[in-house]
Each structure stands twice: as C-alpha cells, then as structure tokens.
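Just below is one structure, and these are the notes that go with it.
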Amino acid sequence: MLIFAFNSCKKKEIDSIIQDKIIGNWKIKNNEYNKEYLEINGDNTFYYKGVSHLNESFSIGKWKVVKDTLVLNSITPKECLYVVNFGTYCEHADIVIEDKINTTFDDCEPQTISNLYKAFIDTRFVLKKDTMFYVEVNKNCSNELNKIRLYR
C-alpha cells in the first residue's frame, strides 16, 4: 500500500512539472504565411488565434496532459462559422485528401469567410525540452513528429 501511495505522489509530481512547463503563451511555427498563437491556461483551458493574409481563425477549448503529451480539444462555438481542422496534410504526393467544407452546425450559412473556427480534435503535441512538436495522427500519414512546432 505504501509503494502505491509513493508511486501515485510521484506521478502527480511529474504531471505537475510538465503542466508548469506547458502553461503560458506559445507561438506556432507552421508556415511562413500564417501567424499563429496558443495560450495554455492554468485552469486547463486554451485559446488559439491565427492570422493570415486572407482570414483569421480562432479556437477555445480544454487541454490535458497524457504522459509527455499535451492533448487539445476544442469547444464548438454557438455561432455559425466555417471549420478548419488544425494540422497538416500528408506530405506524400500520392495521397489525395478530400476535405468537405464543414460548418459548426449542419445546414447553417456563415456570414463571413474571413473568420474561421479552428478545430482541435484530440490534437497532440509532445514536449521536448522547451519546444512542443505536433504529432500527426492521420491514418494515411506516418505517426511521427511533424514539422509544426510550438515555441516561446
């Protein structure tokens, strides 16, 4: 029983150390055309903002830590918006990905195309020192660290 209590305390201590490293403001290095930011809050919420020359995108949601991995899940807004999933397409030229244009709700007509909702659906980042690396989980792609990075 004493060993279990010790291991449980040790796990909570490790989780707390990882959470302390994750909480705060991050810049997202994805491509040279977009500026993206992620704010990780101590109450297990996050806020994302992206700006490109054509539009802006945002997301709010909840986060958790699983081992050394940050997992983000968005909360769908109540307004009708176009939805873009966070991540990258496969880099393999022979794989064709057909994306359907999605909205936050079925059969709604967004008022603008310049304000998009960015969906984080079990989106994962692995913490390595002072950088977090996006993990591609698309079944058509290799499940390896991707070139998207979060840094301070």
Side-chain angles (χ1 to χ4, degrees), residues 5 7-90 97 99-152:
N7 284 339
S8 178
C9 289
K10 190 172 181 179
K11 182 186 181 314
K12 287 181 184 176
E13 185 177 306
I14 291 169
D15 288 349
S16 178
I17 290 169
I18 291 172
Q19 287 182 12
D20 288 345
K21 289 181 179 181
I22 289 172
I23 293 171
N25 296 318
W26 296 85
K27 295 177 187 171
I28 301 174
K29 183 175 173 46
N30 188 358
N31 65 53
E32 61 190 65
Y33 306 108
N34 299 337
K35 292 185 179 182
E36 299 176 275
Y37 307 93
L38 185 65
E39 179 182 317
I40 305 291
N41 302 308
D43 62 355
N44 290 80
T45 62
F46 73 86
Y47 175 75
Y48 163 88
K49 173 105 174 142
V51 179
S52 74
H53 63 285
L54 296 176
N55 56 45
E56 293 186 9
S57 56
F58 77 97
S59 188
I60 59 170
K62 299 280 189 178
W63 64 268
K64 64 183 177 182
V65 172
V66 178
K67 297 183 183 177
D68 64 345
T69 303
L70 171 67
V71 181
L72 302 177
N73 281 293
S74 297
I75 298 170
T76 304
K78 295 181 179 180
E79 61 187 301
C80 179
L81 298 166
Y82 288 110
V83 176
V84 179
N85 289 334
F86 183 87
T88 58
Y89 292 112
C90 298
I97 298 175
D99 264 351
K100 174 181 135 182
I101 296 176
N102 291 316
T103 54
T104 48
F105 301 101
D106 290 338
D107 300 323
C108 74
E109 289 290 328
Q111 298 296 314
T112 179
I113 61 169
S114 62
N115 191 23
L116 305 173
Y117 165 66
K118 185 76 77 159
F120 290 80
I121 305 166
D122 282 330
T123 304
R124 298 172 184 272
F125 296 90
V126 174
L127 180 64
K128 302 281 184 185
K129 295 185 181 176
D130 61 349
T131 304
M132 286 193 278
F133 295 90
Y134 171 67
V135 178
E136 179 62 67
V137 291
N138 184 326
K139 64 183 179 183
N140 294 322
C141 302
S142 61
N143 191 5
E144 296 177 5
L145 295 180
N146 200 288
K147 62 183 176 182
I148 298 176
R149 295 189 310 269
L150 277 63
Y151 64 98
R152 298 213 189 243

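Just so you know, these numbers use all the heavy atoms, side chains as well, and skip hydrogens, waters and symmetry mates.
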Intermediate values then yes/no, side chain to side chain contact (heavy atoms under 4.5 Å, CB included), D130 and R152: CA-CA 8 Å; D130 61 349; R152 298 213 189 243; over 6 Å; no
For S114, side-chain hydrogen bond (donor to acceptor under 3.5 Å, both in side chains) partners two or more places apart: T112
Check residues 44-52 and write down every donor-acceptor pair under 3.5 Å in which the side-chain atom is one partner and the other belongs to a residue at least two apart or another chain.
residue, atom, partner, partner atom, Å
N44, ND2, W63, O, 3.1
T45, OG1, N41, ND2, 3.1
T45, OG1, D43, OD1, 2.6
Y48, OH, E36, OE2, 2.5
K49, NZ, E56, OE1, 2.8
S52, OG, L54, N, 3.3
S52, OG, N55, N, 3.2
S52, OG, N55, O, 3.2
S52, OG, N55, OD1, 3.3

Shortest non-hydrogen contact from V71 toward R124: CG2-NH1, 3.4 Å
Results of side-chain hydrogen bond (donor to acceptor under 3.5 Å, both in side chains) for S59 - residues two or more places apart only: S74
Distance (rounded to the nearest 0.5 Å) between I148 CD1 and T123 OG1: 9.5 Å
Distance-minimising heavy-atom pair for F105 and P77: CZ-O, 3.2 Å
I60 side, atom CD1; T76 side, atom OG1 - distance, nearest 0.5 Å: 9.5 Å
Inter-residue atom distance N30.CG - R149.CZ, 0.5 Å rounding: 10.5 Å
side-chain hydrogen bond (donor to acceptor under 3.5 Å, both in side chains) partners for D122, two or more places apart: N73
E39: partners by side-chain hydrogen bond (donor to acceptor under 3.5 Å, both in side chains), with sequence neighbours left out: none
Spacing of CG belonging to D68 relative to CD1 belonging to I22, to within rounding of 0.5 Å: 9.0 Å
Any donor-acceptor pair under 3.5 Å from T104 side chain to L81 backbone: yes
Distance (rounded to the nearest 0.5 Å) between Y82 OH and I113 CD1: 7.5 Å
Sole candidate of F86, F133, F120, Y151 that passes ring-ring contact (aromatic ring centres under 6.0 Å, His included) when paired with F125: F86
Verdict with supporting geometry, L72 and L38, side chain to side chain contact (heavy atoms under 4.5 Å, CB included): CA-CA 11 Å; L72 302 177; L38 185 65; 3.8 Å; yes
Disulfide (SG to SG under 2.5 Å) pairs, two or more places apart, involving residues 21-55: none
CG-CG distance between N85 and N102, expressed to the nearest 0.5 angstrom: 7.0 Å
